[in-house]
Each structure stands twice: as structure tokens, then as C-alpha cells.
Novice: 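Would you mind keeping the following structure in view while I ask a few things?
Computed from heavy atoms alone, side chains included, the values below leave out hydrogens, waters and symmetry copies. Reminder, nothing fancy here: chain letters follow the sequence lines and each chain counts from 1.
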Amino acid sequence: MSLYGLINTSAAGMAAQSTALSTVADNIANVSTTGYKRSSTEFSTLVTSSGSGDYQSGGVDTDVRTAISGKSTTTSTTSATDLAVNGNGFFIVSGPSGTPVLTRAGAFVEQADGTLQNAAGYTLLGYPVGTTPSANSYAGLEVVNVGDLAMKAVPSTEGVVTFNLPIGATAVTDTTKLPSNNAADATYTQKTSFTAYNNAGSSVNLDVYYTKTADNEWEVSVYNQADATNGGFPYSSAALVTETLTFDSTTYALSTPTSLSVPVPNGGTLTLDISKSTQLDSAYTFSADVNGNAASAVKSVEISSDGTLSVVYENGSTVAAYTIPLATVASPDNMTVISGNAYLPNQESGSVQIGIAGTNGFGTISDYTLENSDVDLATELTRMIQSQNIYQSNAKVFQTGSDLLKVLVNLNT
Amino acid sequence: MSLTSALNTASAGVSVASSQTAVVARNVANQQTDGASRKLANVVTINGLPSVVSITRVTNAAALKSLLTANADDARDGAVSDALTQLQSTVGATTVDDTTSPTALIAALSDALSTYAASPESQASVDAVQAASDLAGALNSAADTVQQVRADADAAIGDSVSTINNLLTRFQAVNETIVKGTVAGADITDALDERDSILQSLSAEIGISTVTRSNNDMAIYTDSGVTLFDKTARSVTFEAKTTFTASTQGNAVYVDGVPVTTSGASYEIKSGRLAGLVEVRDDLAVTYQDQLDEIARGLITAFQETDQSGGTGSPQAGLFTDAGSLVVPTSGTVSEGLASRISVAASVVATPTLLRDGGISTNGADPYVYNPNPGETGYTDRLNELVSGLKTAQAFDPVAGAGTSLSLADYAAASASWLGVKSQAASSTAAYSATVKSTAATALSNATGVNIDTELSKMLALEQSYGAAAKLVSAVDQMFSDLLNAI
């Protein structure tokens with residue numbers, strides 16, 4: 001009885017459009033949800049009979065799709081932990097049950113316990129610096145905790161020191177008076193100091209003495225300023241390092257040595273690159289750029305485009321702490337959608353692939369940025385008008401079928 | 001692209017235009033602020049949207065560097081010039097009616113002696129002794145002035161050192177803000193302006209050179225290469241002396257344990273107010289003091305009395321004495337502080353006629369009496385001898401720098417002219433440095449300062465782009481309401 005088919009078909013049509021309207025409602029509701037991916041409804045025909053001459057109306061099959069792999073625009077924010085993936089890839093976050101899931105909603109906020117959670121309550125996962133990531137499993141991933149990164153001091157290990165020694169200086173010929181002998185009446189040509197840091201993060205001022213001993217030959221001695229007597233000789237302990245600098249007699253550039261190794265008191269060995277130094281007929285100049293820093297409190301975190309999460313200390317130094325990886329699957333659109341703009345890989349989507357942002361087709365990570373919802377309000381509104389019209393038409397068909405049936409039922413009365 | 005993203009883009013445009021307008025407003029407001037540089041909002045496109053990523057300022061490292069140098073030179077030359085002007089007061093005005101300088105007083109003494117020789121009444125002898133007293137007094141007060149100038153310079157060095165330490169403390173705070181801000185990507189332009197202005201104040205006190213390192217960290221060295229600031233401020237120390245006499249030597253200023261005011265050493269600073277003050281205290285004033293001492297010593301020598309009996313008595317101080325002592329100081333060597341001690345012998349003050357008769361050192365007793373018949377008013381040989389003694393060349397210490405073999409009168413004139421030349425040179429150098437400084441300041445301000453015309457035209461452009469973005473927002477809004485009305 002094709003009249004019943006008519007009613008069923010139109011009912012299926014109405015159901016299909018109400019699904020479509022549901023996705024429109026979802027999309028409109030999530031126009032400003034960070035990282036939201038638009039859902040759309042695809043229809044396909046459902047044919048029940050294919051006999052000739054006898055038409056049996058079928059129905060419509062609906063398939064809801066979520067454009068998980070779709071790209072959206074981004075918005076700048078003022079928080080360093082607002083992250084967006086620029087290109088392919090998802091952040092790996094842990095859900096309440098601890099299962100890793102994927103998301104592009106990167107509005108992470110530091111919690112009281114130091115973890116980074118996004119608006120949906122998912123906690124960001126990453127590799128502590130130095131861990132080798134596993135490409136196809138979640139092994140090695142840890143909850144990123146910026147609260148664990150307490151004060152740290154970085155002892156000085158290297159630096160660049162450049163100086164010019166005046167060629168016209170008078171040489172000190174009395175070897176007993178050279179600064180290297182640490183005598184009270186030591187005579188020197190030039191003194192400077194620079195600051196290095198020891199293992200405890202204390203600043204150590206190092207006194208550097210340059211003494212011309214002969215033509216093209218200077219002696220350099222480095223002392224710990226804290227050992228000085230009234231700011232000068234004698235020091236209570238011997239020179240940390242003494243070297244003879246030899247300058248080229250034609251170019252007056254430093255020929256040997258090219259570096260100085262200074263054992264910083266209570267610190268590491270500081271290797272100073274002095275290769276750019278000269279001995280010219282010009283005033284004495286000195287400049288030092290030495291690494292290391294004092295212990296200081298955590299000020300903020302900083303995330304670079306390759307996902308390196310660095311801690312910025314109060315004194316301005318930065319130390320890398322975590323690598324935030326990105327994950328993707330072969331067919332992102334087939335992942336299971338769960339609450340909070342998160343997705344679970346499944347059989348159809350393929351297994352998860354993990355990598356470093358910016359490599360192997362993974363996108364880069366932008367801080368101070370959030371991914372907008374990819375919903376376009378205008379498209380959704382037009383889609384809604386369209387669905388409404390189709391729904392009304394289906395309802396009309398249904399009503400017609402129903403009226404016809406009523407006529408049929410009333411034939412015998 | 002879609003309507004929603006058009007709306008996002010338009011609102012980003014509005015917010016960028018307003019951020020830029022805020023920067024323009026800040027520039028205009030700071031147009032008259034000293035040391036404020038022009039700020040720029042850097043706009044870049046991130047993911048298709050414009051965004052103000054940072055605020056930077058217009059800088060000119062070369063102009064700042066030359067201003068710092070000019071500043072340091074100006075402060076040094078100014079300090080030297082001021083002190084020399086003060087010393088100039090000891091030689092009086094250079095006009096003809098000058099009656100207070102040693103030169104004028106030596107001439108007056110010579111005249112008084114000649115007058116006494118020509119008219120032997122008792123008043124003339126009193127006048128001559130009075131002229132001698134005036135001369136001794138003038139030397140005493142000139143020596144006092146010199147020591148006062150040195151004491152003032154020493155106190156000013158103390159002030160300068162405490163200013164330097166204050167500036168370095170402030171510098172450390174600002175520098176830390178800048179380093180932290182640079183790492184965190186904050187707007188540090190105001191801190192950079194403040195740091196530059198601290199550098200300008202610092203360079204006026206002491207000549208400096210600076211090195212900028214990673215993260216905008218700055219190290220300061222003196223112009224002789226001694227570290228003033230490297231992550232932490234180095235201590236600058238100085239002990240002022242309360243009183244100055246000719247033999248007092250002022251203390252050196254120590255930076256980071258190195259005496260930076262040791263004359264001739266390779267770590268001696270060359271510019272800044274400190275360098276000028278030290279030059280005055282340890283060099284110019286000392287040399288002038290030596291000259292005054294030499295004039296005093298020359299006077300004692302010129303008026304010394306020799307043994308008239310043919311005996312072997314050593315010459316004795318006559319009219320002028322070293323604070324009453326009868327010893328004649330060694331010829332041709334500076335006797336330190338003599339100018340402040342020289343006085344007229346007490347015996348000649350009591351008995352002015354001793355001037356004519358001799359025997360001042362022995363108060364009228366042999367063998368230093370010149371007049372064969374003491375008391376005879378017609379005797380003028382000694383007076384004439386004294387007058388010609390003032391005009392006879394004698395040996396002076398080359399250290400004092402005003403000549404080695406001159407008459408006393410000429411030596412005093414040479415000393416005055418030495419001071420005049422120094423003072424003249426210093427004031428013209430100071431004027432030149434001041435001009436260089438103001439030119440450098442103008443150059444820096446032209447390069448980095450706010451130009452109101454540029455800012456206003458920028459503002460007009462921003463107004464346009466703000467209006468256009470706002471128009472887009474309203475167009476999108478209109479489109480949405482059209483769509484909603486269709487439902």
C-alpha cells in the first residue's frame with residue numbers, strides 16, 4: 001500500500017530534517033566555543049523496492065558528520081597558556097578518568113596544583129624535557145605541572161669576553177710584582193671585574209688583571225673579588241687562573257690562548273671565549289657576556305611554536321621544562337566526539353600518531369592564541385531556513401497522505 | 001571565508017586601531033617630556049588577523065653615545081672652568097686699577113721703598129712696611145683661597161661619588177625591569193627611556209662607555225675600562241678630607257677597587273665632573289699654590305740680610321719671614337705652604353727704620369746692620385739695594401711652571417698670566433663643550449623625539465582605518481539582521 005509508504009517516507013523526511021535542525025542548533029549554540037568543530041548532516045536515499053511499474057517510496061538516511069579536521073580562524077588573547085594549533089594536530093589531554101583524548105580547545109589555565117586545564121576540565125599532557133617520545137603510543141606522557149618547577153639557579157658555564165689592551169702601556173718587568181704572585185704591592189696595567197654565578201646562584205664578582213709583561217705579551221690573572229683585601233691585593237687565595245696572552249706581532253690580534261677556563265668558586269668551570277680580543281693603540285675596552293643566573297621565583301611560562309614549555313624566572317632567565325606534543329590520526333573526522341570538544345580515536349579513525357609540533361606534517365603551536373569555533377552563523381541560519389522549508393514540505397506530504405487515508409476510511413460510510 | 005570570520009577580522013581591525021591610537025596619544029602627551037622617545041606599535045598579521053605584538057621605541061645608539069661623551073666632556077670642562085674663575089679672584093681684576101694682586105702689591109712695595117729712599121721722613125718708612133704687610137697678607141689670603149678651592153673640589157668629589165652610587169642603584173633596578181620585560185615580551189619602552197636618562201646623568205659625573213648584551217642587559221664601564229655595572233653595581237668609594245693645607249693630598253676615588261683618579265695610570269678616567277674636580281684639586285690648584293709659594297720664597301730671598309761684618313754668618317730672613325723663622329728657604333725649590341705662612345718680621349713692624357738701616361733679623365744688632373751709622377736718615381744704599389733686588393733675576397723651581405729665572409715682579413706677573421691663560425682656555429673649552437653637548441642633545445631629540453606633525457597625521461590615518469573597520473562591523477550586523485528577518 002503505497003499510501004502508507006508516503007506517510008512513512010514523509011515521516012522519515014521530517015526526522016531527517018529535525019536531525020539537520022539539531023545540528024544547526026548545536027552549531028549555533030557553539031558559535032563561540034573555543035575549538036568547536038561544526039557538525040553537518042548528510043542525507044542518502046533509502047530505496048525499499050526496485051520493481052518496475054510499482055513504485056514503493058523509500059526514505060532518507062541521515063548521517064551526522066563532524067568536520068574535526070576543519071580549519072578555523074584564531075583570536076589573540078592575553079594568556080600565555082592559551083594555545084592554538086596552527087595546522088594539523090591535536091593536543092593530548094587527559095580526561096577525568098585519566099584516558100588520553102585529543103582536543104584543539106587550548107584555553108589552558110594554571111590550576112592550584114600547577115596543572116594546566118582547559119575550559120572543559122581536560123589536563124594538558126606533555127613530555128618532560130629529555131624524554132624521547134614514542135611515535136604511536138601515549139607512553140612517556142605526563143601531566144604538565146608548572147607548579148613543580150621551583151626556584152632554580154643556573155651556574156655560569158660559558159661567556160664571551162672581548163677586550164682591547166692598549167699597545168702603548170708600560171710593561172711591568174719586575175716579576176715579583178706581577179698580579180699572579182698575589183703580592184701586596186702588585187702592579188698591573190688594567191683591572192676589570194665581571195659577574196658570574198656559582199651553583200647556589202650567588203653572584204661571584206671576578207677581578208681580572210691585565211699586566212703587560214713584554215711587547216705583545218700580557219699576563220691575565222683572575223681572582224675572586226670576595227678574597228680581596230680592601231678591594232685589592234693581596235687576595236686570601238691564589239689566582240683562579242693565570243695565563244699569558246700572546247698577540248700577533250703583525251695584526252696585533254690575540255694569537256694564544258683563545259679561551260680562558262675559570263673555575264668559578266663553588267660553581268662550574270666557566271669557559272670564556274676571548275678570541276676576538278686585540279692589542280691596538282687605542283684605549284682599553286672590555287665587555288663580558290656571561291651566562292648563568294641567580295635563583296629566582298617562577299614568573300610565568302612561555303610556550304614556543306615547537307611546543308617547548310619554558311619557565312620564565314623572575315630575573316628573566318628561561319629554562320625549558322616540557323615538550324608539548326601534537327597527535328593526529330589517519331582519519332580525524334571519524335573520531336568519536338565526546339563532551340568538551342574532545343575526540344577519541346577509534347577503529348575507523350586509525351591509531352594515534354604523536355610528534356613534535358612543526359615536524360612531519362604536524363602544525364605549529366601558537367601561544368596567546370585560541371582557535372575559534374568554525375561555525376559560520378550565516379551558513380547556519382540559511383541552513384535553518386532550508387531545513388524548515390523542507391520539514392514543512394514533508395509535513396504537507398504527511399498531511400496529504402493522512403487526508404487521503406481518511407477519505408479512504410470514510411468511503412464505506 | 002564567512003560572515004563570522006569577517007566580523008572577527010573587522011573587530012581585530014578595530015582593536016588594533018585603538019591600540020595604535022593609544023600609542024599615538026602617549027607620544028603626544030609626552031611630547032614635552034625630557035628623555036621620552038617616540039613609541040611605535042608594531043602590527044603583524046597572525047593567522048590572518050592583525051595584532052599589535054609589541055611596542056618599541058625609536059632609538060639612535062650613535063646619537064646617544066655621542067651625547068654621553070659630550071655630556072661627560074662638558075661636565076669636566078665646566079668644573080675646571082668654575083674653579084679657575086674662583087682662583088682668578090686672587091689676582092684681582094686685570095684692569096689698570098688692580099691693587100690687590102701680588103704683582104700690583106710687589107710694584108707698590110717697590111714704589112714705597114723708592115719713595116722712602118727719596119724722602120726719608122718717618123711716615124715713608126711706615127708706608128713701606130705697610131706695603132710689605134699688604135703683600136704678605138695678599139699672599140696669605142690667596143693661599144687660603146687656593147686651599148678653599150681644593151677643599152670645595154674635594155667636597156664636590158664626595159657629592160659626585162654619592163650621586164654615582166645612587167644612580168647605579170637606580171640603574172640596577174631599571175636594568176632588571178628591562179631584562180625581565182624583554183624576556184616576558186612586556187612593553188619596556190618607558191624603562192628604556194628611564195635607563196637612557198640615568199646614563200645621561202651618570203655620564204655627567206663620570207665618563208662611561210656601555211655595552212648592551214642579550215635580553216637588553218647593559219653593562220657600564222668607565223671611559224678607562226673599569227667596571228661600574230655588570231649585573232650588579234660596583235661600589236664607588238671616596239674619603240673626603242675636611243681641611244686642606246698645601247701639603248694635604250686628596251684621596252683617590254675607587255671604582256671596583258681601582259683608583260680611577262690616579263694621574264697618568266691607564267685606569268684614570270678622562271671625563272666627567274669627577275675628572276674635572278680631580279684635575280682642579282690635584283693639579284691646577286696645586287700648581288698655582290706652588291707659584292704662590294715661589295713668590296713668597298722669592299720675597300724672603302730678595303729681602304734676606306747678609307753678614308755685613310765680613311764674617312761667615314749665614315744669610316737671615318729680613319723684611320719677610322717664614323712665620324717669624326730667620327731661616328732663608330733653599331733657593332730654587334718650592335717650599336710647600338710658604339705663601340700661607342709668610343709674614344713681615346715683628347721687629348720691622350715695631351721699628352720701621354730697620355728697613356733702611358738693616359738688622360731686621362737681629363732687631364737692630366750687628367752683624368746684619370747695613371747702615372754704618374744707624375739712625376742716619378740720609379742713608380739710602382740698603383733701600384736702593386732692596387729695590388734693585390726686586391728687579392734682579394733669581395732662580396725659581398721649574399715644577400711651579402711659571403719660569404725658572406726671572407725677577408720677582410716678573411715672576412708674579414708670569415704666574416698671573418699663567419692663571420689667566422689657563423682660565424681663558426678653560427672657559428673657551430667649556431663653552432665649546434657646552435655647544436657640542438647641546439648639539440648632541442638636539443641631534444638625539446631630533447632622531448628619537450616626538451614630532452607632533454607626524455603623530456597627528458598618523459592619528460588621522462588611524463581614524464580612517466578605525467572608521468573603516470567599524471563600518472565593516474555594522475555592514476556584517478546589517479547582513480545578519482537581514483538574514484534573521486528572513487526567518
Side-chain angles (χ1 to χ4, degrees), chain A residues 31 72-76 80 84 86 162-164 166 169-170 188-195 197 203 205 207-208 225 228 230-232 283-291 293-294 299-300 302 312-318 366 368-369 372-379 381-382 384-385 388, chain B residues 1-9 11-12 15 46-53 176-185 209-217 219 221 223-227 229-232 234-235 237 254-259 265-267 270 476 479-480 483-484 486-487:
Chain A
V31 160
S72 350
T73 55
T74 54
T75 311
S76 300
N86 195 9
T162 309
F163 49 83
N164 176 58
T170 318
Y188 51 89
T189 315
Q190 208 72 52
K191 180 198 170 189
T192 309
S193 70
F194 66 92
T195 305
Y197 293 92
S203 62
N205 285 351
D207 284 345
V208 186
Q225 199 173 74
N230 296 327
Y284 169 75
T285 58
F286 180 89
S287 73
D289 198 351
V290 176
N291 72 350
N293 59 261
K299 184 176 182 233
S300 60
E302 196 179 71
V312 181
Y313 291 94
E314 277 293 346
N315 61 5
S317 63
T318 51
S366 313
Y368 294 100
T369 311
N372 292 331
S373 159
D374 68 345
V375 174
D376 177 34
L377 206 49
T379 314
L381 289 175
T382 45
M384 190 170 84
I385 296 170
Q388 188 192 0
Chain B
M1 294 306 271
S2 60
L3 268 192
T4 313
S5 69
L7 194 60
N8 278 343
T9 311
S11 63
S15 89
I46 300 175
N47 300 319
L49 296 181
S51 170
V52 174
V53 286
E176 274 170 16
T177 311
I178 289 171
V179 171
K180 282 181 200 169
T182 307
V183 173
S209 69
T210 61
V211 176
T212 310
R213 308 181 293 195
S214 50
N215 290 336
N216 269 324
D217 182 27
Y221 303 94
D223 57 12
S224 56
V226 180
T227 314
F229 182 92
D230 171 26
K231 297 204 173 87
T232 53
R234 299 298 191 263
S235 62
T237 53
Y254 284 82
V255 174
D256 197 22
V258 180
S266 55
Y267 29 80
K270 296 160 197 76
V476 172
M479 285 154 93
F480 272 122
L483 199 53
L484 287 166
I487 297 168

Novice: Kindly indicate whether the side chain of A:Leu381, heavy atoms from C-beta on, has any atom under 4.5 Å from the side chain of B:Phe480.
Specialist: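 Of all side-chain heavy-atom pairs linking B:Phe480 with A:Leu381, at least one is under 4.5 Å.
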Novice: When only pairs under 4.5 Å are counted, which of A:Thr189, A:Thr75, A:Val208 shares the most heavy-atom pairs with chain B?
Specialist: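 Highest number of pairs under 4.5 Å: A:Thr189.
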Novice: Hey, which of A:Val375, A:Asn372, A:Thr285, A:Thr74 has the most heavy atom pairs under 4.5 Å with chain B?
Specialist: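 Highest number of pairs under 4.5 Å: A:Thr74.
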Novice: Would you please test A:Ser203 and B:Lys231 for side chain to side chain contact (heavy atoms under 4.5 Å, CB included) and show each step?
Specialist: CA-CA 9 Å; A:Ser203 62; B:Lys231 297 204 173 87; over 6 Å; no
Novice: Within this structure, what is the CG-CG distance for the pair A:Leu377 and B:Leu7, rounded to the nearest 0.5 Å?
Specialist: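 Answer rounded to 0.5 Å: 9.5 Å.
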Novice: Do you know which of B:Val226, B:Val211, B:Asp256 has the most heavy-atom pairs under 4.5 Å to chain A?
Specialist: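 Heavy-atom pair counts peak at B:Asp256.
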Novice: Between B:Ser209 and chain A, which part of the residue has a heavy atom less than 4.5 Å away: side chain, backbone, both or neither?
Specialist: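 Interface part for B:Ser209: neither.
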Novice: Heavy-atom cut-off 4.5 Å, strictly under: side chain, backbone, both or neither for A:Tyr188 against chain B?
Specialist: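 Both backbone and side chain of A:Tyr188 come within 4.5 Å of chain B.
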Novice: Where does B:Pro50 contact chain A at under 4.5 Å (heavy atoms): side chain, backbone, both or neither?
Specialist: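 Nothing of B:Pro50, per the 4.5 Å heavy-atom cut-off to chain A.
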Novice: Can the ring centroids of A:Tyr284 and B:Tyr267 be said to lie less than 6.0 angstrom from one another?
Specialist: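 No: the rings miss the under 6.0 Å criterion.
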Novice: Between A:Thr195 and B:Asp230, is there a donor-acceptor pair closer than 3.5 Å when you use the side chain of the first and the backbone of the second?
Specialist: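 Yes.
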Novice: Quick check on the interface: out of A:Ser373, A:Ala84, A:Ala288, A:Ala228, who has the most heavy-atom pairs with chain B under 4.5 Å?
Specialist: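 Highest number of pairs under 4.5 Å: A:Ala288.
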Novice: Top residue by heavy-atom pair count (under 4.5 Å) with chain A, among B:Ser224, B:Ala12, B:Ala219?
Specialist: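 Greatest number of close heavy-atom pairs with chain A: B:Ser224.
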